[in-house]
Protein chains: 2
Amino acid sequence: MNLPKRADLSDTFCPVGRSAELLGDRAVLLILRDLFFGRRRFESIAVNTGLGPQLVSARLKLLEGEGVVGRHAYQDRPLRHEYRLTAKGKDLFDVLYAMRNWAEQWAYAPGETGGGPAMRYIHRACGADVGTSTACPGCGVPLGYGDLKGEPSPALSAEQAAKSG
Amino acid sequence: MNLPKRADLSDTFCPVGRSAELLGDRAVLLILRDLFFGRRRFESIAVNTGLGPQLVSARLKLLEGEGVVGRHAYQDRPLRHEYRLTAKGKDLFDVLYAMRNWAEQWAYAPGETGGGPAMRYIHRACGADVGTSTACPGCGVPLGYGDLKGEPSPALSAEQAAKSG
DNA sequence: ATAGTAACTATGATAATCATAGTGACAAGT
DNA sequence: ACTTGTCACTATGATTATCATAGTTACTAT
């Protein structure tokens with residue numbers, strides 16, 4: 001086993017503290033990101049995040065134990081599993097989306113992304129570019145899991161291609 | 001020095017990845033939480049978070065280096081500093097608030113907080129209980145840094161008192 | 001029979017964290 | 001003057017976690 005020895009979730013009554021026990025871990029965040037983007041397979045996650053297989057394995061077990069991801073067989077011979085966000089996991093959308101918004105506003109040097117955002121999001125329902133809003137600027141609907149379609153900037157898309165190729 | 005050797009922020013173009021370099025750390029998250037609650041002093045943060053002084057020191061330096069917190073002298077003899085969120089730091093409000101909302105919905109056993117949330121938030125402008133919304137349910141205004149007044153549940157308030165006493 | 005793919009596990013070196021103790025600069029009390 | 005106390009740290013050594021690399025299992029495809 002290689003689960004980090006962290007405090008029990010119930011070690012504090014503070015809600016931010018409880019979230020931090022789970023989310024205060026770079027590997028967990030990167031894996032969640034990949035799951036939100038539809039990457040469900042172990043190898044795919046390991047390659048894209050750049051994390052070693054041992055860490056990915058340990059974190060997926062942790063996430064599964066917390067009920068944030070579920071493990072589902074997608075074939076029998078040989079037996080293979082994929083990982084999917086549960087409802088509890090999908091509800092982390094707001095956290096990851098807030099992280100994305102913050103980074104778009106603060107984490108890039110001027111011009112680094114060529115003018116636009118590193119990743120542009122379009123509201124599926126109405127086609128509007130949502131910018132960094134939490135409610136669609138076109139139709140006013142609050143944004144949640146599954147509502148958005150991401151379009152990576154050329155730089156980000158090149159980076160991802162380099163990893164999988 | 002005890003700064004963790006993490007990848008450069010600019011190691012990825014993915015905005016969630018960039019945020020994760022900073023926020024994917026339990027200590028960083030707990031320190032930010034305390035700063036959002038108005039704790040500005042080293043000792044106060046160290047005691048409330050339960051982190052050792054060395055970790056607090058290392059993370060405050062990291063946060064200062066990233067421009068998320070500023071260091072300000074509050075007295076001269078002896079020279080003492082306090083830490084405050086910068087604009088870049090205050091903009092992390094949405095992330096911490098999303099973490100809080102998720103935890104309120106998923107991280108407590110039924111009845112653990114005695115019926116209500118672990119921490120209740122009131123919209124200062126109109127007095128409405130905001131629940132776990134991102135816009136005030138009373139007046140519709142989107143919620144941001146400084147808009148809310150927190151009221152800890154008895155359990156949480158007892159926990160905090162135990163730390164400082 | 002050999003190579004390939006997917007999902008891991010094992011191992012050892014390196015790095016981070018924790019618990020505990022100590023330091024420096026001063027204020028206040030005896 | 002001397003002890004005690006406060007605040008913001010720094011130092012040290014033991015414990016843990018992480019990273020890089022290699023190996024394993026169970027198959028399929030050629």
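In what follows, chains carry the letters A, B, and so on, assigned in the order in which the sequence lines appear, proteins first and then strands, with residues in each chain numbered from 1.
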Atom-pair distance ([atom1] on [X]; [atom2] on [N]), nearest Å:
X       : N      : atom1 : atom2 : answer
A:Asp25 : C:dA16 : CG    : C1'   : 13 Å
B:Ile31 : D:dC9  : CD1   : P     : 12 Å
A:Leu51 : D:dT21 : CG    : P     : 15 Å
B:Gln75 : D:dT6  : CD    : P     : 14 Å
B:Ile45 : D:dC9  : CD1   : C1'   : 13 Å
B:Leu62 : C:dA16 : CG    : P     : 12 Å
A:Leu55 : C:dA15 : CG    : C1'   : 13 Å
B:Arg39 : D:dA8  : CZ    : P     : 14 Å

Excluding sequence neighbours, so at least two apart, what forms side-chain hydrogen bond (donor to acceptor under 3.5 Å, both in side chains) with [X]?
X        : value
B:Arg124 : none
A:Glu82  : A:Arg84
B:Arg120 : none
B:Arg80  : none

Please output the side-chain donor-acceptor pairs of residues 133-153 of chain A that fall under 3.5 Å, not counting sequence neighbours, one pair per line with the distance.
residue, atom, partner, partner atom, Å
A:Ser133, OG, A:Val130, O, 3.0
A:Asp147, OD2, A:Gly144, N, 2.8
A:Ser153, OG, A:Ala118, O, 2.8

Using a cutoff of under 3.5 Å, can you pull out all pairs of nitrogen or oxygen atoms linking the protein to nucleotides 12-14 of chain D, with atom names and distances?
residue, atom, partner, partner atom, Å
D:dT12, O4, B:Gln54, NE2, 3.3

Atom pairs under 3.5 Å, N or O on each side, protein against nucleotides 4-8 of chain C: can you list them with distances?
residue, atom, partner, partner atom, Å
C:dA6, O4', A:Arg80, NE, 3.3
C:dA6, O3', A:Tyr74, OH, 3.2
C:dA6, N3, A:Arg80, NH2, 2.8
C:dA7, OP1, A:Tyr74, OH, 3.0
C:dA7, OP1, A:His81, O, 3.2
C:dA7, OP2, A:Glu43, N, 3.2
C:dC8, OP1, A:Arg71, NH2, 3.1
C:dC8, OP2, A:Tyr83, OH, 2.6

> A:Asn101: what forms a side-chain contact (heavy atoms from CB on, under 4.5 Å) with it, not counting sequence neighbours?
Replying inline: A:Tyr97, A:Thr132
> With sequence neighbours left out, what residues match B:Glu43 under side-chain contact (heavy atoms from CB on, under 4.5 Å)?
Replying inline: B:Val47
> Do any N or O atoms from the side chain of A:Gln75 and from the backbone of A:Pro78 form a donor-acceptor pair under 3.5 angstrom?
Replying inline: yes
> A:Arg33 and B:Cys14: side-chain contact (heavy atoms from CB on, under 4.5 Å), yes or no, with the steps?
Replying inline: CA-CA 10 Å; A:Arg33 173 197 66 185; B:Cys14 171; 3.3 Å; yes
> Counting only side-chain N and O atoms of A:Arg59, is one of them less than 4.0 Å from OP1 or OP2 of D:dT18?
Replying inline: yes
